[in-house]
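Predicted model only: the values in this text are computed from it and were never measured. Chain letters run A, B, ... following the sequence lines, proteins first, then strands; residues in each count from 1.
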Protein chains: 2
Amino acid sequence: MSANSRMTVAVHVLTWMALVHDRGRDVVTSDQIATSVATNPVVIRRSLADLREAGLVTVRHGAGAGWTLARAAESITMLDVFRAVHDEPLFALHRGEPNQACPIGRGIRPALRDVYADAEEAVRRELARVTIADVLRETLATRSG
Amino acid sequence: MSANSRMTVAVHVLTWMALVHDRGRDVVTSDQIATSVATNPVVIRRSLADLREAGLVTVRHGAGAGWTLARAAESITMLDVFRAVHDEPLFALHRGEPNQACPIGRGIRPALRDVYADAEEAVRRELARVTIADVLRETLATRSG
DNA sequence: CTCCGCTGCAACTGTTATTGTTACAGCGAG
DNA sequence: CTCGCTGTAACAATAACAGTTGCAGCGGAG
């Protein structure tokens, strides 16, 4: 079911920015982040664009351009990131419309929407409990990955 | 993120079987189910194969072949279905390996694995609370879909 | 013991999402 | 003005799915 790693990349980006911030540097480039994630800078910029729209990072143009965390890492939760990168629901309904002549085909989508909404809400509650600062701490506590 | 509708199709299949069972018919064919879902019988058989492996349905071959619910709809939870159709985790980690020379790249995957595992566990708990019988009831309670 | 309807499964196509990549215009501090 | 970086479009490669066709195999009904 899980398809993309946008969530993972976005968290990686923010965690890296939080580490660099702790080390005294505040403005970083997509190129530098791309080195840590081991991917293309454009991929990082796409991720950063999502995070900027969500108000989690700010960008500066021109010479000396780059990105900065808009908030303290302690105040950015995984839920914030989830909201920033997620357009699609976690569970997809039917691709095509079920048979409306059948009582199941007619009524199952609203029924499933409710169940799926509850499940997603549970995920959101769980993600809200973890901040980027938490992830950074856990990340640095790990010896090998 | 959500990619496939396997979960939705599987629940639809079971709910339809539960309804038909309530109406006195116990053995049904993939063709009949496909009519309700409005898709190809092979798609349904692929779904039923997952459900059979999980022990939720049984199959009979030869003349008068078809499928039967292996358990009462009241005892089949959405979690059972989730387990039957899900191989991939809900949240994917990096596609490629992050830069191991970077402390974030080295430690973030185990850290994220933990967070994601907690989130998935929350989903499982929520799905475990709903049975196919519940879904059937809600489905029939809906006027339009 | 043959027939026939259904399952099991492999193979192929069309579609779509995502990632990675190249290319280039635009911005603005120095 | 210059230069480094952003913003974004465009494109290729990959992968997952849904849908479809075709056919072998099973086994009760007759």
Toward the 5' end of DNA chain C, by each residue's nearest nucleotide, Gly62(A) or Pro41(A)
Pro41(A)

Starting from the 5' end of DNA chain C, give me the residue, Ser30(B) or Val42(A), whose nearest nucleotide shows up first.
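Nearer the 5' end of the strand: Ser30(B).
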
Rounded distance (Å) that lies between atom [atom2] of [N] and atom [atom1] of [X]:
X: Leu48(A); N: dT8(D); atom1: CG; atom2: C1'; result: 14 Å
X: Asp50(B); N: dC17(D); atom1: CG; atom2: P; result: 11 Å
X: Arg60(B); N: dT7(C); atom1: CZ; atom2: P; result: 11 Å
X: Met7(A); N: dT19(C); atom1: CE; atom2: P; result: 14 Å
X: His94(B); N: dT18(C); atom1: NE2; atom2: C1'; result: 15 Å
X: Arg45(A); N: dT19(C); atom1: CZ; atom2: C1'; result: 15 Å
X: Glu88(A); N: dT18(C); atom1: CD; atom2: C1'; result: 12 Å
X: Asn40(A); N: dG7(D); atom1: CG; atom2: C1'; result: 14 Å

Just N and O in the side chain of [X]: are any of them under 4.0 Å from OP1 or OP2 of [N]?
X: Thr29(B); N: dC6(C); answer: no
X: Arg95(B); N: dT19(C); answer: no
X: His61(A); N: dG7(D); answer: yes
X: Ser5(B); N: dA18(D); answer: yes

Would you say the side-chain atoms of Ser47(A) and Asp50(A) include a donor-acceptor pair closer than 3.5 Å?
no

Does the distance from a Lys or Arg side-chain N to an Asp or Glu carboxylate O, for Arg71(A) and Asp80(A), drop under 4.0 Å?
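Salt bridge flag = yes for Asp80(A) with Arg71(A).
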
Please answer whether the main-chain N or O of Ala72(A) pairs with a side-chain N or O of Ser75(A) as donor and acceptor at a distance below 3.5 Å.
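It does hold such a pair.
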
Tell me, do Val28(B) and His21(B) make a side-chain contact under 4.5 Å, heavy atoms counted?
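They are not in contact (no side-chain heavy atoms under 4.5 Å apart), so the answer is no.
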
At less than 3.5 Å, do the side-chain atoms of Arg52(B) and the base atoms of dG8(C) form a donor-acceptor pair?
no

To the side chain of Arg46(B), which of dG28(C), dT20(D), dG20(C) is closest?
dT20(D)

Could you check which of dT19(C), dG28(C), dC6(C) has an atom nearest any side-chain atom of Ala65(B)?
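Nearest listed nucleotide: dC6(C).
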
Both Ala63(B) and Ala63(A) contact DNA chain D. Taking the nearest nucleotide for each, which residue is further toward the 5' end?
Ala63(A)

side-chain hydrogen bond (donor to acceptor under 3.5 Å, both in side chains) assessment of Arg95(A) paired with Ser5(B):
CA-CA 7 Å; Arg95(A) 177 169 290 198; Ser5(B) 54; 5.6 Å; no

